[in-house]
Amino acid sequence: MTGGATSRKALVRRPSPRLADGLVTHIDRTPVDAALALRQWEVYVVALRAHGWETIELPPLDDCPDGVFVEDTMVVYKNVAVIARPGAEPRRAETATTEEAVTGLGCSLNRIREPGTLDGGDVLKIGDTVYVGRGGRTNGDGVRQLRAALEPLGARVVAVPVSKVLHLKSAVTALPDGTVIGYPPLVDDPGAFDRFLPVPEESGAHVVLLGGGKLLMAASAPRTAERFADLGYEPVPVDISEFEKMEGCVTCLSVRLRELYG
Ligand SMILES: NC(=O)NCCC[C@H](N)C(=O)O
């Protein structure tokens with residue numbers, strides 16, 4: 001181990017052929033094209049690689065329709081991976097392979113335990129501030145356990161309400177300068193964040209920070225992409241229509257690991 005080197009690894013999992021059987025909560029179910037989903041996922045993975053991320057593919061879970069939304073299975077802060085306990089019972093089978101993978105990468109492990117529930121999609125890290133959405137998938141005990149796991153490492157864990165969308169990061173993510181972005185009709189409390197910038201499209205609220213000011217975003221938010229370009233960022237659009245039909249967004253298709261020591 002040579003301490004100090006920052007790695008850029010991203011965990012991904014290819015979509016199940018049964019993607020269409022996944023959960024939908026806040027939107028109407030519409031037909032999903034599993035073959036198109038696979039092609040969109042491949043383009044997403046290529047975009048990560050093209051911007052300097054080493055992608056690590058977790059074992060496929062064809063019997064877990066929502067397994068592609070790998071972000072929900074863990075939270076990584078510094079060198080610690082907190083294995084989630086998904087709020088939706090059918091998704092709990094997804095965490096075992098995630099745990100194996102992060103153990104192999106040298107992370108220290110912690111986990112959310114019963115009666116706590118927590119989905120990784122409810123956790124937004126901005127520097128050492130960790131916002132956690134208390135909503136449909138993450139309960140108060142999950143918040144308490146996350147706080148107990150991360151505060152000794154230097155994090156400030158801030159619980160915020162989530163009632164209008166599936167996960168906190170379905171409502172808000174953050175630009176590289178820490179400004180929280182969100183589509184106002186879907187954000188419970190914009191005042192919970194130090195700086196909040198409204199965006200004009202729902203999926204415009206979701207960005208993956210690729211580094212160097214590049215923002216991986218859904219192609220379905222062109223007006224927001226223009227605004228971000230106007231702020232000096234470089235949007236990298238990907239079409240994820242089939243995942244959006246299952247309430248997914250760009251963030252939930254990968255877990256980015258930035259602070260592992262290799
Ligand atoms: N972090 C995320 O936004 N994950 C999306 C999960 C979608 C999946 N259909 C679910 O309901 O769990």
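Just follow the structure's listing: the first ligand is 1, and inside any ligand the first atom is 1.
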Thr25 touching ligand 1 at heavy-atom level, < 4.0 angstrom =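 So Thr25 does not count as touching ligand 1.
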Considering the options [options], which one meets the side-chain contact (heavy atoms from CB on, under 4.5 Å) requirement together with [X]?
| X | options | value |
| --- | --- | --- |
| Arg156 | Ile126, Asp128, Thr129 | Thr129 |
| Glu71 | Thr251, Leu11, Asp119, Val123 | Thr251 |
| Thr97 | Val102, Leu61, Val70 | Leu61 |

ask   = Can you check whether Cys249 has an N/O within less than 3.5 Å of an N/O in ligand 1?
value = no
request  = Begin with the C-alpha distance, continue with both residues' side-chain angles, and end with the deciding distance and a verdict on side chain to side chain donor-acceptor pair (under 3.5 Å) for Glu201 and Thr224.
outcome  = CA-CA 7 Å; Glu201 293 147 317; Thr224 310; 2.6 Å; yes
task = Out of Glu94, Glu247, Arg137, indicate the one that has the non-hydrogen atom closest to atom 10 (C) of ligand 1.
result =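 Residue with the shortest heavy-atom distance to the ligand atom: Arg137.
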What residue and heavy atom of the protein are closest to [atom], and at what distance?
| atom | answer |
| --- | --- |
| atom 7 (C) of ligand 1 | Met246 O, 3.3 Å |
| atom 3 (O) of ligand 1 | His167 ND1, 3.2 Å |
| atom 4 (N) of ligand 1 | Asp72 OD2, 2.8 Å |
| atom 8 (C) of ligand 1 | Asp66 OD1, 3.2 Å |

ask   = For ligand 1, which part of Leu166 has a heavy atom less than 4.0 Å away: the side chain, the backbone, both, or neither?
value =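 It is the side chain that gets close, since no backbone atom is under 4.0 Å.
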inquiry  = Show me which atoms of ligand 1 lie under 4.0 Å from any heavy atom of Glu71.
reply    = 1 (N)
request  = With heavy atoms of Gly121 as the reference, note each atom of ligand 1 found under 4.0 Å away.
outcome  =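 Listed by number with element: 1 (N).
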message = List the residues meeting salt bridge (Lys or Arg N to Asp or Glu O under 4.0 Å) with Glu57, not counting sequence neighbours, and say none if there are none.
response = Arg14
Contacts under 3.5 angstrom, residues 203-215 side chains, donor-acceptor by atom type, not counting sequence neighbours:
unit_1 : atom_1 : unit_2 : atom_2 : d
Ser203 : OG     : Ser220 : OG     : 2.7
His206 : NE2    : Ser170 : O      : 2.8

inquiry  = Would you say Ser108 and Asn79 are linked by a side-chain donor-acceptor pair, where the criterion is simply a distance under 3.5 Å?
reply    = no
